[in-house]
Protein chains: 4
Amino acid sequence: MTSRRPAKKTAHKGRRTAIQARSKATVEAILTAAAQILEREGPEAASTNAIAARAGVSIGSLYQYFGDREAIIAELARRHVEEMRSVLSGALAELIALPLAAAIPRLMAALIASHRVNPTLDGVLHRMMPESAAIMDEFEDFAATVTAAGIRAHPDLHIADPELAGAILTQAVGGVLRTTLRRYPERILDPALERSLVQLVLGYLDRASPPAAG
Amino acid sequence: MTSRRPAKKTAHKGRRTAIQARSKATVEAILTAAAQILEREGPEAASTNAIAARAGVSIGSLYQYFGDREAIIAELARRHVEEMRSVLSGALAELIALPLAAAIPRLMAALIASHRVNPTLDGVLHRMMPESAAIMDEFEDFAATVTAAGIRAHPDLHIADPELAGAILTQAVGGVLRTTLRRYPERILDPALERSLVQLVLGYLDRASPPAAG
Amino acid sequence: MTSRRPAKKTAHKGRRTAIQARSKATVEAILTAAAQILEREGPEAASTNAIAARAGVSIGSLYQYFGDREAIIAELARRHVEEMRSVLSGALAELIALPLAAAIPRLMAALIASHRVNPTLDGVLHRMMPESAAIMDEFEDFAATVTAAGIRAHPDLHIADPELAGAILTQAVGGVLRTTLRRYPERILDPALERSLVQLVLGYLDRASPPAAG
Amino acid sequence: MTSRRPAKKTAHKGRRTAIQARSKATVEAILTAAAQILEREGPEAASTNAIAARAGVSIGSLYQYFGDREAIIAELARRHVEEMRSVLSGALAELIALPLAAAIPRLMAALIASHRVNPTLDGVLHRMMPESAAIMDEFEDFAATVTAAGIRAHPDLHIADPELAGAILTQAVGGVLRTTLRRYPERILDPALERSLVQLVLGYLDRASPPAAG
DNA sequence: TATGAATGAGGATTCATTCAT
DNA sequence: TATGAATGAATCCTCATTCAT
């Protein structure tokens with residue numbers, strides 16, 4: 001990043017690297033601690049002091065890296081969404097070429113997988129509205145966009161409004177997944193759940209296609 | 001609730017009634033105040049002091065009627081769920097005799113209507129987990145049960161597991177409705193939303209029926 | 001205030017009085033404590049916790065009566081200014097009829113007396129700018145107005161701009177008094193100080209009168 | 001200030017000079033930054049971290065050159081007083097020979113000029129008591145001494161206590177100037193202000209002289 | 001019963017200062 | 001020497017809850 005600067009600013013380039021490493025470690029410790037507390041004890045327990053304590057860091061350090069409590073939650077949400085998105089994205093590539101009846105089951109499996117990244121944290125962040133709502137919504141928006149694109153890629157479907165369909169399906173599936181995770185977390189592994197979601201989606205797509213010439 | 005208890009000790013039952021009326025008024029004032037604050041200013045603003053102040057009641061009185069803050073939220077949730085349930089129930093009676101293609105649209109309309117009872121409060125209560133989650137879930141359980149019963153009443157559907165179907169459909173529809181209410185509240189009136197939900201449900205029921213051969 | 005209300009609100013009018021007395025006592029305790037700390041330990045020591053502690057009151061009570069720390073300082077300043085003003089006002093009545101050469105010494109004596117109300121607190125409040133500046137200025141404004149009025153009452157003075165003269169004299173005398181109080185507090189009792197101020201004022205008035213028909 | 005010390009230990013004095021230059025630059029940067037923040041954002045904003053940041057220097061370096069925060073303020077005050085004193089001194093030389101009626105206007109003009117060096121900073125430093133009071137007072141002491149000397153240089157005045165007169169006049173003029181600068185900063189340019197101060201001083205000197213043929 | 005004054009633990013945040021590198 | 005990460009005491013303020021009247 002700064003390989004060009006000649007000597008100056010006290011020699012060894014190791015210095016800077018070491019410092020950056022320490023900073024990074026602190027930030028990671030804080031985020032990890034925050035996530036742990038949110039998962040295990042819930043949002044009210046996640047005070048800045050508690051986070052700093054569990055991170056093994058002074059409260060001052062915490063504020064050196066995060067402007068305020070909300071910034072911690074936001075960053076946590078951002079990373080969580082990024083993880084979920086990457087899990088989902090990973091499965092997407094191979095979907096494009098498949099026929100619908102094969103693609104949808106895979107998509108549902110991918111969605112379920114993405115919700116398995118950290119279900120508890122996901123639920124908590126979903127409920128911490130002012131802090132993380134906008135960020136969490138990004139995942140649903142992403143899923144909706146991707147779904148709409150997929151629908152558009154299958155013109156044989158004759159869906160009039162792919163955006164609407166994408167949104168509805170994403171919200172519906174999201175509702176099922178979040179409720180399941182919160183109330184019956186073990187069922188997230190039940191194949192019946194996945195099957196049901198596939199039926200939900202395929203059924204909707206059928207219905208939403210114009211009764212057409214058939 | 002306790003009208004049966006025989007006039008214990010002190011005189012005229014008129015007095016007692018008056019007192020009970022006053023008590024009731026106090027309780028109502030507190031709940032109304034709490035609901036207003038939750039709706040308009042959010043959960044953080046709903047401190048016991050703020051609730052008492054808006055209710056025009058001393059905090060002392062508030063604690064006379066509610067053991068703690070959570071009890072207020074819980075009672076509020078209970079009543080809210082009751083209202084939603086009654087809206088939904090009202091529409092149910094006439095559904096039973098209808099053919100599915102007619103019943104489902106009506107059911108969706110009723111569900112939407114029940115979510116229109118107090119959407120903001122509904123959202124807030126849904127997010128106040130430890131306080132109201134269990135109570136709020138009752139509505140979804142009720143809707144799921146009702147849906148399962150409806151499905152069972154249509155044996156031509158050949159749905160293997162009506163309970164699962166009821167749960168999935170309820171969670172899916174609930175997800176769509178809550179997301180819509182939170183992010184795009186005006187769309188709750190859009191007929192396209194209702195249409196989509198009908199497609200979602202009918203499509204699922206189609207799919208979940210055994211692949212013909214019946 | 002509420003003598004009309006029949007019974008209701010739990011009888012005894014003693015109740016309300018007692019409560020008000022308690023509230024008043026708390027408020028007074030807080031203000032007294034704040035004044036003491038400001039005088040003895042300076043502005044930095046006057047934290048809300050320290051004030052509450054010295055007042056023998058919980059921090060919660062402090063905030064029941066004062067919205068924030070600044071409100072305490074402001075009320076203190078308000079009262080201090082009021083006291084100073086009343087000392088000054090008290091001396092004013094008898095001044096009006098006197099000839100200038102007799103009036104000015106009395107006015108100076110009164111000003112000095114008003115600064116003796118609580119010199120230390122006065123100095124501290126004068127330096128706590130955002131909190132109390134505007135309020136403290138009221139005293140100087142009052143003194144300036146009064147002086148200007150006095151000047152106008154002596155048309156033989158031929159002072160062109162009584163307002164300016166009032167302001168200059170007040171600021172000059174204020175400067176002398178505050179510096180003296182801060183740096184050489186014992187001199188506030190020195191008759192030479194008073195004499196000097198009289199000379200300052202009379203000399204200025206002489207000079208500020210047009211060389212006139214002399 | 002310390003150029004005399006003989007080259008101690010390490011090599012070439014060129015290096016030492018360079019280092020000293022760098023040190024000096026750092027010190028200057030810190031003081032400049034502190035002054036800027038004090039002027040523009042007030043004393044509370046002038047944290048050591050903020051000063052270091054604006055100076056483009058690490059806090060570590062800041063503490064290399066200043067023992068603590070107070071030392072920065074003190075040095076700032078020292079320099080500020082020095083500047084004011086030099087402005088005032090510059091005007092003094094030519095005053096000595098002048099007759100009083102000519103000297104006083106010039107003196108007032110010089111005092112005003114010295115207060116125009118950095119009025120905002122002056123006001124702030126005046127209010128930061130424990131840190132800078134003693135230092136700021138030096139200017140007033142200087143002005144008082146100079147004034148007393150001037151008075152003594154005019155034996156025709158017959159002032160009994162030139163020291164007292166010097167102090168009173170300095171404090172009075174200081175009071176007017178500081179109040180004006182704080183509350184009506186634009187008036188510092190108003191010629192009427194200067195005129196008034198001249199009248200104040202000359203009037204006082206008149207009055208403080210024995211009634212002549214007495 | 002109703003009242004509302006009082007409580008104090010706890011939360012977010014700041015800032016002077018230290019010290020390993 | 002310079003750096004800047006780390007520290008933690010201290011600050012302001014909130015809020016659920018208690019209890020004397």
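Labels below follow one simple rule: chain letters A, B, ... track the order of the sequence lines, proteins then strands, and each chain is numbered from 1.
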Tell me: [atom1] of [X] to [atom2] of [N], nearest whole Å?
X	N	atom1	atom2	result
D/L62	F/dA2	CG	P	12 Å
B/E44	F/dC15	CD	P	9 Å
B/I30	F/dT17	CD1	P	14 Å
C/E41	F/dT11	CD	P	11 Å

Under 3.5 Å, side chain of [X] to main-chain N/O of [Y], donor-acceptor pair present?
X	Y	result
D/S61	D/V57	no
C/R69	C/A46	yes
C/S132	C/I135	no

Sugar-phosphate only, base, or nothing, as touched by D/V57 at under 4.0 Å among non-hydrogen atoms: nothing
May I ask you to evaluate whether [X] reaches the phosphate of [N], defined as a side-chain N or O under 4.0 Å from OP1 or OP2?
X	N	result
A/S61	F/dA5	no
D/T48	E/dC15	no
C/T26	E/dA6	yes
B/S58	E/dG4	no

Residue whose nearest DNA chain F nucleotide is more 5′ - B/S47 or A/I19: A/I19
5' priority, DNA chain F, between C/I59 and D/I59 [closest heavy atom]: D/I59
Verdict with reasoning, B/M129 to A/V124, per side chain to side chain contact (heavy atoms under 4.5 Å, CB included): CA-CA 9 Å; B/M129 289 265 43; A/V124 172; over 6 Å; no
Intra- and interstrand pairs of DNA chain F - dot-bracket, Watson-Crick/G-U under 3.5 Å, | marks other strand: .||||||||||||||||||||
Under 3.5 Å donor-acceptor pair, D/N49 side-chain atoms to E/dA16 base atoms: yes
From CA spacing to verdict: side chain to side chain contact (heavy atoms under 4.5 Å, CB included), C/E75, C/R78: CA-CA 5 Å; C/E75 176 62 12; C/R78 229 169 276 128; 2.7 Å; yes
Spatial distance of atom CD1 (B/I30) from atom CD (B/Q64) [nearest 0.5 Å]: 9.5 Å
D/L38 side, atom CG; D/R127 side, atom CZ - distance, nearest 0.5 Å: 11.0 Å
Donor on one side chain, acceptor on other, D/S23 and D/Y65, under 3.5 Å: yes
5' priority, DNA chain E, between B/G60 and A/R22 [closest heavy atom]: B/G60
Residues B/H80, B/D122; criterion side-chain hydrogen bond (donor to acceptor under 3.5 Å, both in side chains); working and verdict: CA-CA 8 Å; B/H80 174 67; B/D122 188 73; 2.8 Å; yes
For DNA chain F, the residues among residues 63-75 of chain B that have a non-hydrogen atom under 4.0 Å from it: B/Y63, B/D68, B/R69
